[in-house]
2 protein chains.
Amino acid sequence: MQKTKLWYISTNSLFMGLPEKEMKVMASIMRTDEIKKKNRVYTAGDKSDKIYMLKEGMVKLSRLSDDGRELTVELLEPGDIFGELSIAGEEERETSAEAIEDSMICAINRQEFEDFIGKNPGFSLAITRFIGFRLRRIESRLENLIFRDVRSRLQMLFSDLAAKYGQQSQEGLRIKLKLTHQDIANLIGSSRETVTLEINKLKKEGSLQVDGRNYTLTEKVFS
Amino acid sequence: MQKTKLWYISTNSLFMGLPEKEMKVMASIMRTDEIKKKNRVYTAGDKSDKIYMLKEGMVKLSRLSDDGRELTVELLEPGDIFGELSIAGEEERETSAEAIEDSMICAINRQEFEDFIGKNPGFSLAITRFIGFRLRRIESRLENLIFRDVRSRLQMLFSDLAAKYGQQSQEGLRIKLKLTHQDIANLIGSSRETVTLEINKLKKEGSLQVDGRNYTLTEKVFS
DNA sequence: TGAAAGATGTAAGGAGGCTTACACTTGAGA
DNA sequence: TCTCAAGTGTAAGCCTCCTTACATCTTTCA
């Protein structure tokens, strides 16, 4: 059965506490869209006038350097909001959003979203909190990048991913995500070759198991 | 004459558009405090339950590594808000806030601040915007750190500082800020020695003039 | 199913920038 | 105004990690 917009809204922590009537209003200003894998929701430079919610699939937010290297800013799960910086004075997108699986998204016009915030003060605090969370995360990544080497950043990435996508299994915490070494390099600001090297070291040391493209953390090196 | 809290509020862009009555409410929940140079407003690990506004002086937000290195997250001017992550689920401070000049600050309890937001939807959007701005800035620093070398980061820092603290003069854009090479290193994630080296290169090339601890940008290498 | 594209393994070489070390200069505060 | 701490200049050595270069293994999809 196709889940309704209202279902997504009512199960989303961001909208928690809103009266049902307002949830319906939110549902009514959302426009559902399908995005196929490898397609972009938006690209850096696009006009920044919509906010999105990911309903199904997975979306990657990233920034590109002039010479084509990529920095992955965020991996999004169903329920996550993105493009929210359009309400923070962003005129043009600074990041790009790409579906890395076939996805369903909901789009809301910036203006309508702001009107909605204006009418629902509690909701606005939720949005503020949400952006604040992202700010804290990014700040801590900045810190890691400056203070820690590739090995340590890789370990932290794995424990972060385990916290978000981990599943307890026989061998340890299994990360339900398929990432290539290049994907990982883009997440920690390193090169594909160095990531391959460091991952294989972790395997040899026994703190990481890899089968296919699935990673399992077997030790609490990852705290 | 001592400027009143209300004066600071009414001239602050964050509070713009608020009815005067609400500005007075805000003033009434603020507690003014004096912080001497080199003292901390808060330290990483402190309970995160207040929001601050800088009235006078200058405050530096920073993060420390285990081995004592420092990353400067932000330099604040009068009118700037800080500690705002306490409304974004931050239980303990992740950064420290240190006065780098004798300063006057205003403190507001988190709970009172949130109540105020709840009653003033327009204001809440302003706060969201504010945090969003900081998020964009930090993201772009993350990007620079990954994609650019020290020389380029140094140039970008100078043009950022010029935009915020610059003053047109005979020779070019003069930055009204006294920074040591160590301060600069902490801002761009480099070492003191490397910063000295690169600054002297820029001086030789003629794009930067230094007298004492004052920097003047003489060319548009800095865009 | 087979070819092409994508992903991984590995190694040599090199560069950027950090560390260490120390001399010299400036400035803050007694 | 003198002293001492703080800041700056400079250089050698080294270390991490990137780049380049291929071989091989896997996945995709025509």
Side-chain angles (χ1 to χ4, degrees), chain A residues 36-39 60 65-72 98-102 143-157 177-205 208-215, chain B residues 36-39 60 65-72 98-102 143-157 177-205 208-215:
Chain A
K36 286 282 177 198
K37 185 170 173 172
K38 297 199 181 186
N39 282 36
K60 176 181 75 179
S65 71
D66 309 327
D67 56 338
R69 281 176 298 155
E70 179 181 317
L71 159 66
T72 301
E98 180 192 327
I100 54 177
E101 291 174 14
D102 290 352
E143 182 185 325
N144 287 337
L145 202 58
I146 288 179
F147 294 146
R148 315 187 97 99
D149 60 14
V150 170
R151 179 194 166 88
S152 165
R153 264 144 55 204
L154 188 61
Q155 288 175 323
M156 302 194 85
L157 175 71
L177 245 193
K178 298 205 171 197
L179 294 172
T180 68
H181 293 181
Q182 185 64 63
D183 292 336
I184 293 173
N186 295 343
L187 279 162
I188 63 172
S190 178
S191 70
R192 199 275 304 164
E193 294 80 355
T194 303
V195 166
T196 300
L197 205 72
E198 294 295 336
I199 282 182
N200 288 338
K201 279 189 202 163
L202 292 177
K203 276 201 285 192
K204 279 203 191 85
E205 293 165 15
L208 185 68
Q209 276 189 22
V210 185
D211 79 299
R213 213 155 285 158
N214 286 294
Y215 298 90
Chain B
K36 286 283 175 196
K37 185 171 172 171
K38 298 201 179 182
N39 282 35
K60 176 181 75 180
S65 72
D66 308 327
D67 56 339
R69 281 175 299 155
E70 179 181 316
L71 159 66
T72 301
E98 180 193 327
I100 53 177
E101 291 174 14
D102 291 352
E143 182 185 328
N144 287 336
L145 202 59
I146 288 179
F147 294 146
R148 314 187 98 97
D149 60 14
V150 169
R151 179 194 165 88
S152 165
R153 267 145 50 207
L154 189 60
Q155 289 175 322
M156 301 195 84
L157 175 70
L177 246 193
K178 298 206 170 197
L179 294 173
T180 68
H181 292 181
Q182 185 63 62
D183 293 335
I184 293 173
N186 295 345
L187 279 161
I188 63 173
S190 178
S191 70
R192 200 275 305 165
E193 294 80 355
T194 304
V195 166
T196 300
L197 204 75
E198 294 295 336
I199 282 183
N200 288 337
K201 279 189 202 160
L202 292 176
K203 277 201 284 191
K204 279 204 191 83
E205 292 165 16
L208 185 67
Q209 276 189 21
V210 185
D211 78 298
R213 214 156 284 158
N214 287 293
Y215 298 90

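Since this is a predicted model, take the numbers as computed values, not measurements.
Pairing each heavy atom of His181(A) with each of Val195(A), the nearest pair is O-CG1, 3.8 Å. The minimum heavy-atom distance between Leu177(B) and Asn214(B), with the atom names listed, is O-OD1, 4.2 Å. The two residues Ala185(B) and Ser191(B) have their closest heavy-atom pair at CB-C, 3.7 Å.
A donor-acceptor pair under 3.5 Å links the side-chain atoms of Arg153(B) to the main chain of Gly189(B), judged by distance alone. Judged purely by atom type and a 3.5 angstrom limit, Arg69(A) uses its side chain to pair as donor or acceptor with the backbone of Phe147(B). A donor-acceptor pair is defined here as one N or O able to donate and one able to accept, closer than 3.5 Å; no such pair exists between the side chain of Arg151(B) and the backbone of Glu198(B). Not a single donor-acceptor pair under 3.5 Å links the side chain of Arg213(A) to the backbone N or O of Thr180(A).
If you check the side chains of Asp149(A) and Ser152(A), you find no donor sitting under 3.5 Å from an acceptor.
In this structure, Lys178(A) reaches neither bases nor backbone, as no heavy-atom distance under 4.0 Å exists between it and the strands shown.
Along DNA chain C, read 5' to 3', the first and last nucleotides having any atom under 4.0 Å from a heavy atom of chain A are dA7(C) to dT10(C).
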* Can you check each nucleotide of nucleotides 10-30 of chain D against protein heavy atoms at under 4.0 Å and return B for base, S for sugar-phosphate only, - for none, in 5' to 3' order? => B------SBBBB---------
